[in-house]
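One structure is given here, and the rest of the page talks about it.
Values below: every heavy atom of this structure, side chains too, minus hydrogens, waters and symmetry copies. Reminder, nothing fancy here: chain letters follow the sequence lines and each chain counts from 1. All figures in this text were calculated on a predicted structure; none of them were measured in a lab.
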Protein chains: 2
Amino acid sequence: MTIEVTFPDGRKKSFRKGISGAELAKEIGFRRALAVKVNDGLKDLSTGIDTDCSVKFLRYEEQEGREVFWHTSDHILAQAISRLYPAAKLTIGPNWENGFFYDIDMPPLKEDDLEKIEQEMGKIVSANLKVERVVMDHNKALELFRDNPYKVEVIKESTDKEVSAYKQGEFIDLCRGPHLPETGLVKAFKLTKLSGAYWKGDQSRQQLQRIYGVSFPEKSMLENYLHIQAEAEKRDHRVLGKKLELFMFHEWSPGSPIILPKGTIIYNELMAFLRQEYARRGYNEVITPQLFNKALWELSGHWQHYRENMFLLHVDNEDFSLKPMNCPSHILIFKSRTRSYRELPLRIADFCYLHRNELKGVLGGMTRVRKFSQDDAHIFLADSQVQDEISRLLDFFRHIYVEIFRLDFKVKLSTKPDKAMGAAERWQEAEAALADALRKNGLEFELKPGEGAFYGPKIDIDLRDSLGRDWQLCTIQLDFQMPERMGAEYEGADGKKHAPVMIHRALIGTFERFLGVLTEHFAGKFPLWLSPEQVRILTVADRFNDYAEKVCKEYAARGIRASVDTRAESINYKVREAQMDYVNYILVVGEREVKDNTVTVRTRDNKVIGAVGGDEFAARLAEEISSRRIV
Amino acid sequence: MTIEVTFPDGRKKSFRKGISGAELAKEIGFRRALAVKVNDGLKDLSTGIDTDCSVKFLRYEEQEGREVFWHTSDHILAQAISRLYPAAKLTIGPNWENGFFYDIDMPPLKEDDLEKIEQEMGKIVSANLKVERVVMDHNKALELFRDNPYKVEVIKESTDKEVSAYKQGEFIDLCRGPHLPETGLVKAFKLTKLSGAYWKGDQSRQQLQRIYGVSFPEKSMLENYLHIQAEAEKRDHRVLGKKLELFMFHEWSPGSPIILPKGTIIYNELMAFLRQEYARRGYNEVITPQLFNKALWELSGHWQHYRENMFLLHVDNEDFSLKPMNCPSHILIFKSRTRSYRELPLRIADFCYLHRNELKGVLGGMTRVRKFSQDDAHIFLADSQVQDEISRLLDFFRHIYVEIFRLDFKVKLSTKPDKAMGAAERWQEAEAALADALRKNGLEFELKPGEGAFYGPKIDIDLRDSLGRDWQLCTIQLDFQMPERMGAEYEGADGKKHAPVMIHRALIGTFERFLGVLTEHFAGKFPLWLSPEQVRILTVADRFNDYAEKVCKEYAARGIRASVDTRAESINYKVREAQMDYVNYILVVGEREVKDNTVTVRTRDNKVIGAVGGDEFAARLAEEISSRRIV
C-alpha cells in the first residue's frame, strides 16, 4: 500500500503507508527537520503517515519549528528540576517570544542555582534520550499525575477526548506536543532569568518560581544570541543615556523624561532637520494649545473612546484635557476660514507635546512615555490626490530612513477591518492607491488584511536596528471620517462643498522613542551632525592653549560643536577620555601643529587621520555636518 | 514782611509774605505752571504763601501736573452733565492712567450723546471760568450737597477736619484739589469711551454711567494723541494677527493662542536666533516635563504661595500640576549629580511651555495668556561671579534689543524689600554688583528702592515701542534662597559644599507677548529675517512662469522664503496684493528680465529698487537675513 505525499513546492511522490515523518525526511534528503506539518496539523517526526497528504518539514529557522524545539528544551529543564528538587511540583511550561519558561511550585531559587540546573540539563542532552508520545484517557492521566494538584487541575479542565504526555527517560509530563525526537538535538541552551509568577496569573493563588531559558540547535547560535544580549545591555539607552548625560528620569514626573543638554542637542538637530525638509516639502508648522475643553474631544470622538488615556482637569469649572493627539486642533485650524481646493493638499505639522495617561507600571525609559513630541502632521486633501501624496510621503520616509540614517525597515499595509466605516468602493480605491504608491517607490510590503483602523487603511513601517530588533516608528494613516465628523470642508472646483480626506502621519514617530532607539542603534556613537560634542581639541602642554582656543573659535564660527581640553593631564589620558565621551574627532595640538598651523586628528574609534590644516579640516567637517552624511 | 523761597535748582529768593503761587511764577518768569508744590504739598496756584519754603511749579509734562489738569477737566465734564441732565447725580471722578473719568447716576448714554456733552464742555472752557477753592465744615457741606446721596456718603466717611469743594461759575463739586486756576487752560479735550460701573465697585449697589475723557493744554497734543490711538488700533496685534494669519484664538482653549503657520515662522526664527546666541554664550538647553508631583512644588514653596495660579490635576491618585515656572525642575537637573565649582556658571535654558491659571476675564490677545513659552534660563553661580555674569547678561540684552531690534527701553533696579530674606550684607554686595554692571555697560537706570523680590534684587527692563508704549519683557533676578531651600550645592575649590546663587532671567520674556508687541511695533511689517514671506515673484504673463519658478528655486536654495504668483491677474493687482500681505520684496519678471536674467524689484512700501541680477539680489537678501539686519 502506498500513499501520495505533496511537498510545499508542489511535487508529489508515493511512499509506503505508515512511513514516519523522520523516515520521509531521510528519503527525500531533508536535513535538520524538527517536526512535520501534515495537512496543516503539527506532528512529531515519529508519527506514522497513513493517508495521502501534503507535508511540510519544520526547521529551527521557522517560528513553528523553534516552538517545538523550545518545548522539548522546557521538558529537559523540568526533568532536571525533578531530579534535583524531588519535592518541586511542575505546573505549566509554555514558550515566550524568544524562548521558553517553566512555572514551578518550589522554594525560591537563587541565580547561583541555575548553573547546577544547567549541568543536569546537560546530562539529559548528552544522554540523547528518546522523546515518546503517550496517549491515555482522563482516568489514567489523573492516576498518573495524582501527586501533582496543578496537573490534576489541567487534566480536569481538558475537554479533549484523550490526554497526551511526553516521556523521556524516567520523566513524563503532560503535553500536547509535538516534540523533538530526542533530547540530543538541543545542542546549546542557557537559563536566562528567574522571576516570580502566580498559578494561572491569579495573585490570590499559589506563588510559583518561573525559570526562563533559551536554546539552539548549534552552539554558535547561542554564542551569537549571548553576544547580542550583552551588546543590547551595553547599548541600553537608559544606561547610555545616563552615562552620556543625554536624559534623566525623576520620580516626580513619571513617564516624562528630562532631556539633558546633550540629549536636547540631538533632539533639536532632529527637529531642525525635519523643519528644513518641511520647508522643502510644503509643510506648514503650527503651535497649538496643550489644554482643550471637553467640547473638542466630544466632537472628535476622543471623549467617548479615548478618555481613559487622557489627563483630565477642571478649568473655569469645566472639563478640560491635556491633548493626547493633534488631529482635532488641526481641524479647528482648517475650519478657521473658508478653504479652497487650490489650497490642497494642506499640510499642517506640529511638534507640540502630547500627553497620554499610560499606566505607571508599563512606563519604561524613552520608549514608553506619557509626555512626548512627534513629527506629527495632518494633510488635508481631495480623494484624487491620495496616491500622489502617499508617494511624496514615501519619498520623505525614504530620505530620512535610507538616505540619512541608512536604516533597515519593514513595511506593512493594513486594509479594511470588519468594523470599518465608509463605502467599500472608497476603501478599495484607497487601498489600491496605497499599494500602487508603495510599488512605484520600490518598497516591498507585507499585507495585513483587516488590520486597518476603522476610519481608513494605513501603512506602518518598523525600523530594524543594528541588533536586528524591530521598532514601530513610522505610520501613515488615511482617514475618511474625522474631517466630516468635525465639519471640515473645502470649496471644490465645482463650487460645491466637500469633506477633505485627512492623512495622519508621523515619520520618525515619537521623538523620545526615536532618540532612545537611535541611542541603542548607534550604541551612543551618534553620527557627526547629531553628536552633542563633535570636536575636542587637546593640548599637549599649557603653552599651546592659545592656539587651541583659536582653533576652537574657528570651528565654532562654522557652527561646529567644539571644546578645548587644556587640563594638565597626559595627552593619552585626555585622548582616552574624549574617546570614552564618544567625541567624533579628537584634535591634538602641540609644537609641530602650532608651527605648521595644523591639527593632528584621530577618531573616537582610534582611527588616526593625522595632521591636517586646521581650517581645511573644519571645512570638511562643516560639509559633513550640513550634508548629514554618516561616514 | 518777606519770606524766603527755595527753588528746585537750589537758588533762594525773598518775596513778600502772602504772595500767591501764580504771582510767584510770574515774578520768576515761569510759564505754563498748572499748580505749585509747596514743601511737598500740592497747592492751587491761587494759594497764598506765608512762610519760608521750597517751591516747585508743575507743568503738564509731569505726571502730577497732568493729574491736576485732568481733575479740572473732569469738573468741566461734570458741569456740562449737570447743565444738560439736571436730574443726574454725580458720584466721584478720579483720574486713570491716561486721563480722567466720572461715574454718574443717570440713565445710560449713547455714543452719540458724547458730542453734545463735548459742545457744552467747550462753552465752559471758552467762558474761562475762574476755579475757586471753598473750604467748609462737615455740616455746611452736608447741607450744600443734601440732594446728592453719594456726596453725602463721601462727606460722612471723610475723617478730615474740614471739607473742600471747588466752584466754577454756577457749578460746585466736592474735591481735595488742587485745580487749575481757570477752565480756559483746557485747550483740547475729547470724551473717549462710555462704560458701566457700580457705586464703590460693588455689584450690589447702584449701577452708574462712566464717561472717560482725555485733555491737553495744546490742540496739537490732542491731535497727536488721537493719531497714536488710531495708529495703535490699526496696529492692534489681534487685528493684524487675524489679517496676516499669524495666530488665532479659540473658545475651547482660552488663553492659549493657536500660532498659525506664518506666526510659527516668526516664533521659530526668534527661537533659532536665541539658540544661536545660546551656543555662543555657553547656555545649555534642556527639555523638561509639563507635569510635576506636588512634592516638587512643596519643596520649592510654589504649592504654599502660588497654588491658585497653577492648573492642578490628579495623576496616579496624587496631586500634580502643570508647571507654572521652570526653576524647580532646573534645580532637579542641577542636583542630578555632584557639581563642581569648575562647572559654574552653569546656564540652563528652557523654552518649554508654562501654564498659569490667569482669570479668564483678564485674558487678552497675545499679551495676557495662560499658556506660553519664555526664553527662560537659570544660571547657577558663586557669589563672586555675580557681577561678571550680570555684565554678560546685559551684553546679551543689548545685542537683542539694541543691535538686532533697535528698540528703546527703560531699565529699573529694584532693591531689598522689607520682607527680604538673607543677610543684609549679602544684599548690599549684590545690589552694588548689579548697579556696577549696569554702569559699566553704560545703561542708565531708575532705582526702585524696596521693590526687589524677597529672595533677591532684580533688574527689569521695559521695551518702549514705536508708539511710545512701555511693555515689561526682560527680567534678571538674583535668588539667594531657592537653591538652598531645595538642597542644591556644589563642591567649592575649598573642597566644601556651598549653595549656589541662582539667576532667573528672561530677555525677550514671553514669546507670545513678544510676538504680539513686535507685531504692533512693526505694524505687521516684520524685518526680513522674521518675515513669514520674504520674497514673492510675480509673472507678467504665463510664458514667464518657468523663469519665475527657476528664480524661486534659487532663492529657496539659499533658505529664503519665496513664492511665485503666476495667476492670470494684472501685474498691478498682483503687486498691490503682495504689498498688502507685507511681503518684503516683490520681484516682477517679464520679457526683459528673462532676456537679461534679472528681476525687477520693489518693496512692500513701493520703493523701486529696479532691475538686478537674480542671483546677485538673492545673495544680498541671504546676507541681510543671516545678519538679521533691519534695513
Side-chain angles (χ1 to χ4, degrees), chain A residues 245 247-248 250-265 267-268 272 275-276 279-280 283-296 299 311-316 320 322-323 329 332-333 336-337 348-349 352-353 355 357 359-360 370-371 373 511 556 559 561, chain B residues 245 247-248 250-265 267-268 272 275-276 279-280 283-296 299 311-316 320 322-323 329 332-333 336-337 348-349 352-353 355 357 359-360 370-371 373 511 556 559 561:
Chain A
E245 296 199 283
F247 33 76
M248 60 178 266
H250 198 286
E251 54 171 336
W252 287 341
S253 196
S256 294
I258 295 176
I259 320 281
L260 293 171
K262 289 180 179 175
T264 302
I265 287 173
Y267 204 102
N268 286 346
R275 283 199 172 119
Q276 191 179 319
R280 286 179 184 156
Y283 283 73
N284 303 284
E285 189 185 336
V286 296
I287 298 170
T288 47
Q290 293 284 294
L291 292 170
F292 277 104
N293 194 298
K294 171 176 86 162
L296 177 67
L299 182 57
F311 287 102
L312 306 179
L313 65 169
H314 284 277
V315 179
D316 309 327
F320 275 67
L322 281 167
K323 69 173 167 192
S329 53
L332 291 187
I333 292 172
S336 68
R337 64 165 171 78
I348 298 183
C352 290
Y353 312 135
H355 284 85
N357 197 358
L359 288 177
K360 200 171 172 182
R370 281 175 168 171
K371 178 234 171 192
S373 292
F511 273 78
R561 291 183 283 275
Chain B
E245 297 200 282
F247 33 77
M248 61 176 266
H250 199 285
E251 54 171 338
W252 287 342
S253 195
S256 294
I258 296 175
I259 320 281
L260 294 171
K262 289 180 180 176
T264 301
I265 288 173
Y267 204 104
N268 286 347
R275 283 198 173 120
Q276 191 178 319
R280 285 179 185 155
Y283 283 73
N284 303 284
E285 189 185 335
V286 296
I287 298 169
T288 48
Q290 293 284 296
L291 292 170
F292 278 105
N293 194 298
K294 170 177 86 162
L296 177 68
L299 182 58
F311 288 102
L312 306 179
L313 64 169
H314 285 276
V315 179
D316 309 328
F320 274 67
L322 281 167
K323 69 173 167 190
S329 53
L332 292 186
I333 292 172
S336 67
R337 65 165 169 78
I348 298 183
C352 290
Y353 312 135
H355 284 84
N357 198 356
L359 287 178
K360 199 170 171 181
R370 282 174 168 171
K371 178 234 173 192
S373 293
F511 273 78
R561 291 184 283 274

Given that the side chain runs from C-beta out, which part of B:Ala279 has a heavy atom under 4.5 Å from chain A: side chain, backbone, both or neither?
neither

Output the option from A:Arg337, A:Arg280, A:Lys294 having the highest count of non-hydrogen pairs under 4.5 Å with chain B.
A:Arg337

Select one option (side chain, backbone, both, neither) describing which atoms of A:Leu322 are under 4.5 Å from chain B's heavy atoms.
side chain

Residue selection (most heavy-atom pairs with chain A, distance under 4.5 Å) from B:Ser373, B:Cys352, B:Ala556, B:Gly255:
B:Cys352

Could you tell me if the side chain of B:Asp316 sits less than 4.5 Å from the side chain of A:Pro254, heavy atoms only?
yes

Per-residue contact mode, A:Arg275 against chain B (heavy atom under 4.5 angstrom)
side chain

Pick from A:His314, A:Met248, A:Gln290: which one has the most heavy-atom pairs with chain B under 4.5 Å?
A:Gln290

Polar side-chain atom of A:Lys360 near backbone of B:Val315 as donor-acceptor pair, under 3.5 Å
no

Could you grab the distance from atom CG of B:Leu260 to atom CD1 of A:Ile348, nearest 0.5 Å is fine?
8.5 Å

In terms of heavy-atom pairs under 4.5 Å with chain A, the winner among B:Ile265, B:Leu332, B:Leu359 is B:Leu332

Is B:Phe247 close to chain A through its backbone or its side chain, or both, or neither, when contacts mean heavy atoms under 4.5 Å?
neither

With a 3.5 Å distance limit and no angle check, can you tell me whether A:Ser253 reaches the backbone of B:Leu291 through a side-chain donor-acceptor pair?
yes

Examine whether an atom of B:Arg370 lies under 4.5 Å from a heavy atom of chain A, and if so say whether it belongs to the side chain, the backbone or both; otherwise answer neither.
side chain

Sequence neighbours excluded, which residues qualify as ring pair (Phe, Tyr, Trp, His ring centres under 6.0 Å) partners of B:Phe511?
B:Tyr267, B:Phe351

Do you know which of B:Ala272, B:Ala349, B:Pro261 has the most heavy-atom pairs under 4.5 Å to chain A?
B:Pro261

State, yes or no, whether a side-chain contact exists between A:Lys371 and B:Ile287 at a heavy-atom distance under 4.5 Å.
yes

Which bit of A:Tyr283 is near chain B, if near means a heavy-atom gap under 4.5 Å: side chain, backbone, both or neither?
neither

Contact origin within A:Glu245 toward chain B - heavy atom pairs under 4.5 Å
side chain

List the residues meeting ring pair (Phe, Tyr, Trp, His ring centres under 6.0 Å) with A:Tyr353, not counting sequence neighbours, and say none if there are none.
B:Tyr353

For chain A, find which of B:Leu312, B:Asn357, B:Asn268 contributes the most heavy-atom pairs closer than 4.5 angstrom.
B:Asn268

